[in-house]
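Start at 1 and go down the list; that is how both ligands and their atoms are numbered. Residue indices begin at 1 and follow the sequence shown.
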Amino acid sequence: MAKQEDKFKKVLSHAKEYGYVFQSSEIYDGLSAVYDYAQNGVELKKNIRDYWWKAMVQMHENIVGIDASILMHPTTWKASGHVDAFNDPLIDNKDSKKRYRADVLIEDYCAKIESKIEKEVKKAAKRFGDAFNKEEFLATNGRVLGYQEKINSILSRMGKSLENEDLADVKALIEELQIADPLTGSRNWTEVKQFNLMFGTKLGASADTAMDLYLRPETAQGIFVNFLNVQKTGRMKIPFGIAQTGKAFRNEIVARQFIFRMREFEQMEMQFFVKPGTQKEWYKKWKETRLQWHLSLGMGAENYRFHDHEKLAHYADAAADIEFKFPFGFKELEGIHSRTDFDLKAHEKFSGKKLQYFDHEENKNYVPYVVETSIGLDRMFLAVFSHSLQEEELENGTTRTVLKLPSVLAPVKAAILPLVKKDGLPEVARKILDDLKWDFNVAYDEKDAVGRRYRRQDANGTPFCITVDHDTLQDNTVTIRHRDTMKQQRVKISDLKEIIAKEVTVKNWLQKM
Ligand code: GAP
């Protein structure tokens, strides 16, 4: 656990030191769970968004994008169920006066049991060496099975209690498990209460006539209310999808773990409209397609898993999370939900407008069913950033900090370094920079010895360093150094574009899907 916390602290300080993420309004001591993306962070975030957009919109003839506004008519949120049911169960500790999400306290308790399973696996792997079969061990070891059974029974009881709105039982579970305030160890808890997560605001100048609005808590509703407009103007035929990326706002009670849970965040969502009765098969397809998208980034299949929901939201007939192994354990990264016809039907009812599709093959109207894929852009940023940050022991006994970002997502693709700041080398380096910047985001760096510059670029996540030296003046060649292997090659300046493009273009990465 201490090791995990240590790693997470390093992620936070590295994100700040290298210009990826800053606390919002830091000079005023910050605003809790609100963050700003800095000069490198904004590029990484944009690259993740573009990678998603390419895969989800531009590579599909039957998926189009929109950009709906953050403010929507307030009835939207009545229809969607958010006014009545977008709540988190909260509990206060009477001694520390700290507020927690009751379900998160219970899930964290289960995560501790899960780390005991991981310890057993590690011990057994050491004991059995090459003969170790992890699947078999997990399925047969008595102690592991006991731990797993305990987790299952706790989560299933919590799921049922939350579904039945039995908040007294959620509190009883916390007491039975003797869960204490993580900060103070106190077990003096209040009752569990529901808390609506939407941020309210007002539209209009005068206090009497102003209209109460909400900042959208998900981007999905902007797609549902535009369903017919897009279908008609785009002449879309079912099955088809509408995608968008954009800000969402939630007044999270437990807003911690850096950009994992924020009050203002960005979602990348796609609603796929299908014929009623076919939703199960599309749900299966999108679960698999989304996992393949993640795997294409090469961050290790062992770091992803599905979590199929037992407790379903009011709108869903099936739901699963793609979980990623963050430095604090496996947590939700993306949700895939089969949302039935709940949303469109609800908007029909509240707006009085028909939101139906005329199926020419079937010769009838129907309200389509929807399968949704929904991923937090900030959470994806954290997954990529924390996975990529590594400390490596080098052969000469030193260590290097390297940010092994998938090169397609790296903010800066190449740094151009003149070996010395004289003899015409900076001029040649700048000429290379001016040429490459048409195709890639590149940087120029002439300060400090070249070794230190390499380390700086490693820590920054730059996949290539291109060094201009005195030989360059004679033969138009440069040294290109690869971040991950630290291998250096002598290449022609005229070949640079092709070498970089091969490593960083979206096509070469997405084709792995
Ligand atoms: N339209 C469905 C929807 O919003 P969700 O599971 O509530 O579903 C989808 O959210 C994704 O949005 C999550 O998997 C997560 O990646 C991201 N997300 C949700 N709340 C977040 C928060 N407070 N901070 C950062 N990301 C969040």
What are the atoms of ligand 1, with element, lying closer than 4.0 Å to any heavy atom of E334?
-> 14 (O)
Atoms of ligand 1 under 4.0 Å from any heavy atom of E269, numbered from 1 in the order shown, are 1 (N), 2 (C), 3 (C), 4 (O)
R379 to F265 six-membered ring, cation-pi geometry met (6.0 Å, 45°) | no
For G376, atoms of ligand 1 separated by under 4.0 Å from a heavy atom | 11 (C), 12 (O), 15 (C), 16 (O), 17 (C)
Ignoring angles and geometry beyond distance, decide whether M262 reaches within less than 3.5 Å of ligand 1 through its nitrogen or oxygen atoms.
-> yes
Quick one: are the ring centres of W286 and F272 less than 6.0 Å apart?
-> yes
Return yes or no for this condition: an N or O of L333 is under 3.5 Å from an N or O of ligand 1.
-> yes
Identify whether NZ of Lys or CZ of Arg in R290 sits under 6.0 Å from the centre of the six-membered ring of W293 and within 45° of that ring's axis.
-> yes
Residues N93 and N188: side-chain donor-acceptor under 3.5 angstrom | no
K247 and E264 ion-paired at < 4.0 Å = yes
With sequence neighbours excluded, tell me which residues meet side-chain hydrogen bond (donor to acceptor under 3.5 Å, both in side chains) with H387.
-> none
Atom 13 (C) of ligand 1 - nearest protein heavy atom and its distance | E332 OE2, 3.2 Å
Which protein non-hydrogen atom lies closest to atom 9 (C) of ligand 1, naming both residue and atom, and how far is it?
-> S374 OG, 3.0 Å
F260 heavy atoms, cut-off 4.0 Å: which ligand 1 atoms fall inside?
-> 24 (N), 25 (C), 26 (N)
Polar proximity ligand 1 side, F265 side, N/O cut 3.5 Å exclusive | no
Between E372 and ligand 1, does any nitrogen or oxygen pair lie at a separation below 3.5 Å?
-> yes
Quick one: do K54 and D50 make a salt bridge, cutoff under 4.0 Å?
-> no
Short N/O distance, under 3.5 Å, between Q271 and ligand 1?
-> no
Rounded to the nearest 0.5 Å, the NZ atom of K171 sits from the CD atom of E176 at a distance of 12.0 Å
Residue R339 vicinity, atoms of ligand 1 by number, heavy atom under 4.0 Å | 1 (N), 2 (C)
Contact (N/O only, under 3.5 Å) between R261 and ligand 1 | no
With only distance considered, is H337 within less than 3.5 Å of ligand 1 through an N or O on each side?
-> no
Of all heavy-atom pairs between A180 and G185, which one has the smallest distance, and what is that distance?
-> CB-O, 3.4 Å
Quick check: does Y315 get an N/O under 3.5 Å from an N/O on ligand 1?
-> no
Please write down residue, atom name and distance for the protein heavy atom closest to atom 10 (O) of ligand 1.
-> Q267 NE2, 3.4 Å
Provide the number and element of each atom of ligand 1 under 4.0 Å from a heavy atom of G335.
-> 14 (O)
Using a strict cut-off of less than 4.0 Å between a Lys/Arg side-chain nitrogen and an Asp/Glu carboxylate oxygen, indicate whether R305 and E323 qualify as a salt bridge.
-> yes
Identify the protein heavy atom lying closest to atom 19 (C) of ligand 1, giving its residue, its atom name and the separation to 0.1 Å.
-> R250 NH1, 3.5 Å
Is the F227-F273 ring centre distance short of 6.0 angstrom?
-> yes
